[in-house]
Amino acid sequence: MSGMRDEVEQTLLTQEQIQKRVTELGRILSEEYAGKNPVLVSVLKGAFIFLADLCRSADIPCSVDFMIVSSYGAGTETSGKVKIIKDLDTVIQGRHVIVIEDIVDSGVTLSHILAMLKARNPASLRLMTLLDKPARRRAHVDVDWTGFQVPDAFLVGYGLDYAEKYRNLPDICILKPEVYQA
Ligand code: IMP
Ligand code: MG
């Protein structure tokens with residue numbers, strides 16, 4: 001692990017802190033969605049680890065589905081444009097949908113996705129994000145449940161990447177700026 005750890009400035013959230021919060025969030029879903037068979041919709045790739053842990057903490061029947069959109073590419077700033085690369089397989093009309101995000105940053109990507117999903121007339125549509133970086137918001141998004149509010153720093157680990165690297169770090173860490181300010 002030393003290669004990845006060397007490029008990290010500090011650990012913001014340890015795997016123990018994350019796991020404890022994810023268990024609480026799973027319990028919230030179990031209570032709110034008992035008997036509703038919700039669809040957990042995740043935007044790849046950043047949320048894949050959060051979703052995997054979250055759905056195992058939710059003690060109710062549910063299904064999962066994935067979308068792929070492009071926003072950041074290899075940089076750290078959102079382009080403001082959202083392109084759907086892979087749409088859902090599930091018909092969500094009449095279903096209870098929970099969008100599961102890794103991080104809400106500018107909110108630009110997410111506001112597009114939420115508007116698009118809403119137009120498909122789900123029974124309900126809510127948003128759960130592990131991380132929220134409110135300092136950077138540019139588009140309004142209603143966040144229903146947040147794991148942690150985080151400072152305005154570029155984060156990696158627990159699914160979050162920089163140029164596809166660091167997703168497998170078990171903790172959430174602040175990346176050294178010199179890594180992306182080449
Ligand atoms: P937004 O449209 O600016 O809210 O961007 C959302 C997406 O950008 C997230 O789902 C992440 O994939 C990515 N992102 C935003 N902030 C970070 C970060 O600090 N580290 C890694 N990825 C990030
Ligand atoms: Mg990303």
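Order of appearance sets the numbers: ligands from 1, and atoms from 1 within every ligand. Excluded from the calculations below are hydrogen atoms, water molecules and symmetry mates; all remaining heavy atoms, backbone and side chain alike, are included.
Ile60 places a side-chain heavy atom less than 4.5 Å from the side chain of Pro38. With a 4.5 Å cut-off on side-chain heavy atoms, Arg5 and Asp171 count as touching. With contacts defined as side-chain heavy-atom distances shorter than 4.5 Å, the pair Leu169/Tyr158 does not qualify. At a threshold of 4.5 Å between non-hydrogen side-chain atoms, the residues Leu29 and Leu54 count as touching.
No more than 12 heavy atoms of other residues, nucleotides or ligands lie within 6.0 Å of CG in Asp59, so this atom counts as exposed by the packing criterion.
With a 4.0 Å cut-off on non-hydrogen atoms, Ala153 touches ligand 1 through its backbone and not its side chain. With a heavy-atom cut-off of 4.0 Å, Thr109 touches ligand 1 through backbone and side chain alike. At a heavy-atom distance under 4.0 Å, only side-chain atoms of Asp102, from C-beta outward, approach ligand 1. Of all the heavy atoms of Arg138, none lies under 4.0 Å from any atom of ligand 1, so neither backbone nor side chain is involved. By the criterion of a heavy-atom distance under 4.0 Å, neither the backbone nor the side chain of Val43 is placed next to ligand 1. Looking at Arg136 against ligand 1, nothing comes within 4.0 Å, counting heavy atoms.
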Stepwise salt bridge (charged side-chain N to carboxylate O under 4.0 Å, His left out) check, Arg137 with Asp132: CA-CA 9 Å; Arg137 198 75 89 252; Asp132 187 2; 2.7 Å; yes
Derivation of the side-chain hydrogen bond (donor to acceptor under 3.5 Å, both in side chains) call for Ser124 and Arg95: CA-CA 7 Å; Ser124 68; Arg95 299 287 305 271; over 6 Å; no
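Listed by number with element, the atoms of ligand 1 under 4.0 Å from a non-hydrogen atom of Leu155 are 18 (C), 19 (O), 20 (N), 21 (C). The atoms of ligand 1 that sit less than 4.0 Å from any heavy atom of Glu101 are 10 (O).
On a distance-only criterion, Gly107 and ligand 1 share at least one N/O pair closer than 3.5 Å. For the pair Val156 and ligand 1, the shortest N or O to N or O distance does not fall below 3.5 Å.
The heavy-atom pair separating Tyr162 from Val179 by the smallest distance is CE2-O, 4.1 Å.
Residue contacts with ligand 1 do not include Gly46, since none of its heavy atoms lies under 4.0 Å from the ligand. For Lys133, the heavy-atom gap to ligand 1 drops under 4.0 angstrom.
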